[in-house]
Amino acid sequence: MPLSKLVASLPIHPSKAASVRRLMRILTISGIFSHRNDDELQEEERYVLTNVSRILLKDHPFCMAPFFDVFFDPKLLKPWYQLSNWFKKCNTNNSPFETEHGMPFWEFSSHDKKLGSSFHDAMTNDSRLVSSVVVEKFKGVFEGVESLVDVGGGNGTMAKTIAKSFPQMECIVFDLPDVVSGFQGNSENIKYVGGDMFEAIPAADAVLLKCILHDWNDEECVKLLKKCKEAITKKGKKGKVIIIDMVVGNENGDKGSLETQLLFDMLMMVLVTGKERNVKEWAKLFFSSGFNNYKIIPIMMSSRSLIEVYP
Ligand SMILES: C[S@@+](CC[C@H](N)C(=O)[O-])C[C@H]1O[C@@H](n2cnc3c(N)ncnc32)[C@H](O)[C@@H]1O
């Protein structure tokens, strides 16, 4: 698209065209757009989408724009300015987010409906992408599972995709009461249940934890994993816990992927009490919570792995 068309298509005043050109120049150097000047006689610069900007298009099936919207919300950016203060304090269980806003992220986002809804929109898009990969390429993980509870399952995007692929499976979306109160299950195999995962988790053959454990510190994770173990053994069976999260330094990881993982680790440090973990750190959590075995399957290059954990 030529610069003039770009300016005309956006709610931008024509007097700002030169500034848009400057903005596009840095975005092009950064790989968000690329440049095209295949017609030497045509003087006007033209910009082309790259893989990075294509995934931000609203009509892209896995549009990631809501992710950027929420993580660049001033309420989520301000805690980064608290890092300096936070490093000087001895209390490690209090995130820079809590230092800034006076309450933990989950409490804040359940009061601030606008932020909460942007956050869940972002997670929905991520779950849409991850669930499509999982049911397409790693279906075997769910074979033989008759019931599944998606703990911290938000609006149920992940569970709905699994339930559609496995119509015989009973699926429960379990999340904080405020989060699930507006959702209705279907009469077939999806049900929403509200509660606190640190108190009790509904019984099922498998517990799914997608993007949950990285939100919490080691003590909190051990507490939660023990509750998961209770839930999968309540029915007299030996079920399994299915974790979808990052495994830092995954073998195929190139420098860019490792950088992404470590930036997510910083995000966990600033917003919540969690962290991204390497294999050793994951194993320590599992054995400390009373599990006996685990298997790691990288599902989306190094950005996400699926970990099966057995009692
Ligand atoms: C990072 S989101 C992940 C959502 C979803 N699993 C996904 O990946 O799209 C974490 C979820 O944990 C839920 N959560 C936080 N504290 C919880 C608690 N004590 N009990 C149950 N759910 C909780 C949040 O409401 C949120 O939906």
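Numbering of ligands and ligand atoms starts at 1, following listing order.
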Handout entry: Pair N155-T124, side-chain donor/acceptor within less than 3.5 Å
Key = yes

Practice task
Scan for side chain to side chain donor-acceptor pair (under 3.5 Å) pairs involving residues 130-140, sequence neighbours excluded, and state none if there are none.
Solution key: S131-T161

Handout entry: Protein residues having a heavy atom less than 4.0 Å from any atom of ligand 1
Key = W106, F119, H120, M123, S127, G152, G154, D175, L176, V179, G195, D196, M197, F198, K210, C211, I212, D215, W216

Exercise for the section: Write out all pairs satisfying side chain to side chain donor-acceptor pair (under 3.5 Å) with one or both partners inside residues 20-31, taking only residues at least two apart or from two chains. Expected result: R21-E45

Handout entry: Crowding at CD, E170 (>12 non-hydrogen neighbours, <6.0 Å)
Key = no

Practice task
State the CD1-CG distance between I32 and N51, to the nearest 0.5 angstrom.
Solution key: 11.5 Å

Completion exercise
side-chain contact (heavy atoms from CB on, under 4.5 Å) filter on D215, not counting sequence neighbours, yields W106, M268, V272

